[in-house]
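These numbers come from the heavy atoms of this one structure, side chains and all, not from hydrogens, waters or symmetry mates. So you know, we letter chains A, B, ... as the sequences are listed, proteins then strands, and number each from 1.
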Amino acid sequence: MKITDIIQALDLKIISGQNGLSNEIKGGYVSDLLSDVMGNATEGQIWITLQTHQNIIAIASLKEISAIILVKGSLPENDTIEKSNTENIPVLSSDLDTFSIAGRLFDILKME
Amino acid sequence: MQFKHKIAGGDFAKAGNIASSVKKILRQLNIDHAVSKRIVIALYEGEVNVVAHAYSGIVDVDIDEEKIKITITDKGPGIADIEQAMEEGYSTATPQVREMGFGAGLGLSNMKKNSDSMNISSVPAEGTIVELITYIKPDAR
């Protein structure tokens, strides 16, 4: 499934990293602890978090994460947006909380 | 092949830059993807440790046909009890650092899990040296 399909299905707002929107999604990971993501997330996943600072892009890039969803209407900091555009890693935003957005994403990916 | 990078303590904006450049080199060298993933995780955590805890640090990377050796040498407060520091969940990070999602006490254990051998030596109030060795062919461990 492509990120664009997920954006539509989950009504996500595209904040930055538009050039990465054709990335494929191979699952999801939910965590706000950066070392947990570093140690356990895998390539091609979409990462749901409430962290908004630029280190999330460094991690997503190193781990080859497809996109990041920020929860509860959070917006990234400016340097996060810049890095997201350079690294082509889309940052998306949802008004829902982590539990709700993860649940919906799980349902969509389960049908694949 | 040898190269050296500097890390400035407290500079979170650059945390991960060394891991990123090493990742590119490993890709150019056609290193097995699974092996390079482990090296990148371990090196990232090492960089973050210097940024979060030390005043400055140097990363030496030495790649030969058999293995990749990474030595991270910092000037900083050192580690008083290495065994305790290795425990998952133990961290001396400040509340500000934890708020950013760092300082979960998982860094050193991530480094150990993602290298074939890890050696730490430290002198309190002077600094810490972490040596990571990873074999390029997974069956050579």
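Using modelled atom types and a 3.5 Å distance limit, the side chains of A:Thr80 and A:Glu77 yield no donor-acceptor pair. Defined by atom type and a distance below 3.5 Å, a donor-acceptor pair is missing between the side-chain atoms of B:Asp116 and B:Thr134. Under the 3.5 Å distance criterion, with hydrogens and angles disregarded, no donor-acceptor pair is assigned to the side chains of B:Glu131 and B:Thr71.
Of the possible donor and acceptor atoms, one in the side chain of A:Ser84 sits under 3.5 Å from a partner among the backbone N and O of A:Ile89.
B:Ala13 touches chain A through backbone and side chain together, each having a heavy atom under 4.5 Å away. At a 4.5 Å heavy-atom cutoff, the contact between B:Asn110 and chain A is made by side-chain atoms alone. Proximity to chain A (any heavy atom under 4.5 Å) is restricted, for B:Tyr44, to the side chain, taken from C-beta onward. Residue contact with chain B, scored on non-hydrogen atoms closer than 4.5 Å, is absent for A:Ile56. For B:Lys113, no part sits under 4.5 Å from any heavy atom of chain A, backbone or side chain. Contact annotation for A:Asp36: both backbone and side-chain heavy atoms come within less than 4.5 Å of a heavy atom of chain B.
If you tally non-hydrogen atom pairs under 4.5 Å between each of A:Met38, A:Lys83, A:Gln54 and chain B, the highest count goes to A:Met38. Counting heavy-atom pairs closer than 4.5 Å to chain A, the top residue among B:Lys14, B:Arg98, B:Glu45 is B:Glu45.
At a threshold of 4.0 Å, the pair A:Asp97-A:Lys72 does not count as salt-bridged, since none of the basic side-chain nitrogens sits closer than that to a carboxylate oxygen. The residues A:Glu64 and B:Arg27 are annotated as salt-bridged, a charged nitrogen and a carboxylate oxygen being separated by less than 4.0 angstrom.
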